Amino acid sequence: MTQPDQKTLDEITRLRDELDDANYRYYVLDEPRLTDADYDRRLRRLQELEAEYPDQVTADSPTQRVGAAPDAGFPEIQHAVPMLSLDNAFNEDELIAFVKRVGDRLEVDGEQLAFCCEPKLDGAAVSLVYENGNLMVGVTRGDGRTGEGITSNLRTLRSIPLKLRGKGYPELLEVRGEVIMSHAGFEALNEQAREAGGKVFANPRNAAAGSLRQLDPHITATRPLEFNAYQVARIEPDQGDATHSALMSHLGEFGFRTSGELTVVKGSQGLVDYCRRLGEKRDSLGYDIDGVVIKVDDLRLQRELGFVARAPRWAIAFKFPAQEQTTRLNDVEFQVGRTGAITPVARLEPVSVAGVTVSNATLHNADEIARLGVMIGDSVVIRRAGDVIPQVVRVLEEERPADARAIVFPERCPVCDSEIERLEGEAVARCSGGLYCAAQRKEALKHFASRRALDIDGLGVKLIEQLVDKAWVATPADLFRLSAEPLADLPRMGRKSADNLVAALDKAKKTTLSRFIYALGIREVGEATATNLARHFGTLEGLMAAELEALEAVDDVGPIVAAHVHTFFQQPHNRETIQALIDVGLHWEESAVEAGPTPLEGQTWVLTGTMETMTRDEGKARLQALGAKVAGSVSKKTAGVVAGPGAGSKLAKAEQLGVPVFDEAQFLDQLGRWEAGDASALNDTRGPNEQEDE
Ligand SMILES: NC(=O)c1ccc[n+]([C@@H]2O[C@H](COP(=O)([O-])OP(=O)(O)OC[C@H]3O[C@@H](n4cnc5c(N)ncnc54)[C@H](O)[C@@H]3O)[C@@H](O)[C@H]2O)c1
Ligand SMILES: [Zn+2]
């Protein structure tokens, strides 16, 4: 057998050291220094070298091991069944090779095999052991053989059943899954941390793992974590499920969340299609996935295939392009937003991140620049995930060039030269120019015309900028005074587009109160708050006259939002803007009465069997008036089932899933309470594991 030369030996040693260090930072500190792509590249290289020189493989090589040893802060718990890693496929050819490999080993045609595909959730793996339906222990993966006992922390997750649902659960059940943090939860957590000067996490995976490994479960309880089951490690007595996919739906009945994207496909073409489809959906899922996990669906075949050192032979992870990349920070520009907020924007050497070329990223504010310690010229790691704006997550200080420059935060607005103010206790610096500032004017108009506001067709961002630059438009009302002649002369416009725009403006004059309130661009008043304000006050007059107390009585409106709304309507120039809009013809239907409460918003109900005091349609209409959807079939997401005499399979299903069931009298009683606005009644109807989908 050939022996490696000294240079190769050195490379092997260096790769092992780097990978060991990376594992420690990633699994123990939750503070990786390498990007995943850099880590994967090193691991692949080491695997190649070890394949070439099998003599060099040692038992403690990072290619043979999983994760990292447990941290001292938690009790060590041995896994009854090891928690392994997964082999990777980085392209479609490697998927095809996997199918062939599996088929060859089973001596069947791989193309005829059924595979179960699921998103590869990017979080932290945990294992949960249930005895007689009760959660006994929860453990991290650790090094695959021994993990950290974090039962009290896991108990704080609402998506982890403390007791299995339904009847007929097994005496022993060990479930594995991923604890993840959604993009929204992650952004909110980091936002809070930035404000409070706490620890900012690089990505949702590190945030989830770090939150789980808190020594104080009260801290874990405040973190937006979700558990998704993806594997059964032990089940006794056997429930007779022949496939992985059947086991997964069984887990759903016990009260676990499983992936809604789970699909069984056939052969390599099925895998390739699934991976492409999920890749296209990746940005809209709202949580991080780093690929697809593919499993041989037949459990008997899984057992036949078995394991190698660190991964099962019956599964593979198809990896998507990484969401973090390294690039250079070429410059920083300061942008002025609608409310004058000055945002430092990183101008980057363009780089492809998860399939999209990124050349800008946000640096948030001055505090964030200081926290990152970033300078112009630095190599930086950037992250792009979903529709969140790309972010700079850290600086590679060891690569800082000699001519790196400090980032200087301006003292005057780069657009209107007004002074920049930074209020005590606020991280954000703002241009004090208000609507004198062309940048703020442009942003205010863009917001006003946007789809969820007045939805003015054909009034795009570029056009608004031209209109402001030409001083044709300064306030929203000016838009409605535009006429087709001068518009037609604008570059790329023409008579037809100009006519269309004028018609669209005319059409936009008829709107709704909630759109109008949203369009005004009051600080912290998003679409949902605008809707609540409109619903609560019914008229613009009522809203404009409202005192702080009255505002705070509105759903979702706290003291800060109430103060923003109140201040907004106190300002004479805002009142003038509103009057001007009404004078040019903006109108909507007002309802003097408050719309009724909608305490069942987001819930789905099912009516089954016959009813005596009302028809099913009446029951349905009353539920819908309270905001509920009424569906024809029962699932674990159903909030409640109303069952009259003659109810059959739907009632049985509800009982099996543990969905609350009401008879007609109970239902009438509840309806009365909800219609009277008693929302507390509704909490009683929700089981502990009933959560809204993200
Ligand atoms: N940046 C760094 O420094 C660094 C260091 C170590 C590891 N890493 C990253 O971690 C990866 C290796 O980690 P790994 O050993 O956990 O392997 P892995 O994450 O590639 O695959 C195994 C894991 O996938 C998860 N998983 C998600 N969805 C699943 C599903 N539906 N079914 C089964 N499993 C599912 C499980 O948690 C399982 O433990 C590397 O490829 C690298 O990207 C990065
Ligand atoms: Zn300005």
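Computed from a predicted model, the values in this text were never measured in an experiment. Note that ligands are numbered from 1 as they come in the structure, with each ligand's atoms numbered from 1 the same way.
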Go through Gln214 and Asn153 one step at a time and tell me if the side-chain hydrogen bond (donor to acceptor under 3.5 Å, both in side chains) criterion holds.
CA-CA 8 Å; Gln214 293 288 325; Asn153 293 356; over 6 Å; no

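- Where the criterion is an N or O separation shorter than 3.5 Å, residue side chain and backbone included, Gln231 fails it with respect to ligand 1.
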Only pairs under 3.5 Å count here: list side-chain donor-acceptor contacts from residues 298-308, not counting sequence neighbours, and write none if there are none.
from   : atom 1 : to     : atom 2 : distance (Å)
Asp298 : OD1    : Arg300 : N      : 2.8
Asp298 : OD1    : Leu301 : N      : 3.3
Gln302 : NE2    : Val296 : O      : 2.7

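- Residue Arg25 does not touch ligand 1, judged by heavy-atom distances below 4.0 Å.
- When the heavy atoms of Asp38, Asn228, Val381, Asp36 are ranked by distance to atom 44 (C) of ligand 1, first place goes to Asp36.
- In this structure, the protein non-hydrogen atom closest to atom 42 (C) of ligand 1 is Asp40 OD1, 3.3 Å.
- If you look at Ala124 next to ligand 1, there are no close heavy atoms at all, none under 4.0 Å.
- At the top of the distance list for atom 1 (N) of ligand 1, counting protein heavy atoms only, stands Leu34 O, 2.9 Å.
- A salt bridge links Glu50 with Arg16: the distance from a Lys NZ or Arg NE/NH1/NH2 to an Asp or Glu carboxylate oxygen falls below 4.0 Å.
- Crowding of Arg310 atom CZ: a count of heavy atoms from other residues, nucleotides or ligands under 6.0 Å exceeding 12.
- Checking side-chain atoms of Arg145 against main-chain N and O of Gln78 turns up no donor-acceptor pair under 3.5 Å.
- Ring centroid separation for the pair Phe334 and Phe409 comes in under the 6.0 Å cut-off.
- Checked options Leu372, Ile369, Asp378, Asp331; the residue passing with Ile407 is Ile369 (criterion: side-chain contact (heavy atoms from CB on, under 4.5 Å)).
- Ionic pairing of Glu324 and Arg384 is not present here: no N-O contact between side-chain nitrogen and carboxylate oxygen is shorter than 4.0 angstrom.
- Of the protein's heavy atoms, Tyr27 OH, 2.9 Å lies nearest to atom 13 (O) of ligand 1.
- For Lys295, the closest heavy-atom approach to ligand 1 falls below 4.0 Å.
- Inspection of the environment of the Zn ion (ligand 2) yields the following protein N, O or S atoms under 2.8 Å: Cys413 SG, Cys416 SG, Cys431 SG, Cys437 SG.
- Short contacts between ligand 1 and Pro119, defined as distances under 4.0 Å to a heavy atom of the residue, involve ligand atoms 28 (N), 31 (N).
- Summary of contacts: the protein heavy atom closest to atom 38 (C) of ligand 1 is Tyr230 OH, 3.8 Å.
- Here the rule is side-chain contact (heavy atoms from CB on, under 4.5 Å) with Arg430, and of Ile342, Thr339, Leu423 only Thr339 fits it.
- If you look at Thr35 next to ligand 1, the close heavy atoms, those under 4.0 Å, all belong to the backbone.
- The closest approach between a heavy atom of Lys319 and any atom of ligand 1 is below 4.0 Å.
- The only option from Arg282, His183, Arg205 that meets the side chain to side chain donor-acceptor pair (under 3.5 Å) definition with Asp288 turns out to be His183.
- A salt bridge is absent between Arg277 and Glu280: the closest approach of a Lys/Arg side-chain nitrogen to an acidic carboxylate oxygen does not fall below 4.0 angstrom.
- Taking the ring centroids of Phe568 and His564, they lie at or beyond the 6.0 Å cut-off.
- Scanning the protein heavy atoms around atom 27 (C) of ligand 1, the nearest turns out to be Leu121 O, 3.2 Å.
- The single protein non-hydrogen atom nearest to atom 15 (O) of ligand 1 is Ser85 OG, 2.8 Å, given as residue, atom name and distance.
- The nearest protein atom to atom 10 (O) of ligand 1, hydrogens excluded, is given as Tyr26 OH, 3.5 Å; this is a heavy-atom distance.
- Ring-centre distance between Phe320 and Phe90: not below the 6.0 Å cut-off.
- In terms of protein heavy atoms, atom 20 (O) of ligand 1 is closest to Lys120 NZ, 3.1 Å.
- Ion pairing of Lys462 with Glu465 is absent here, as no side-chain N (NZ or NE/NH1/NH2) approaches a carboxylate O to less than 4.0 Å.
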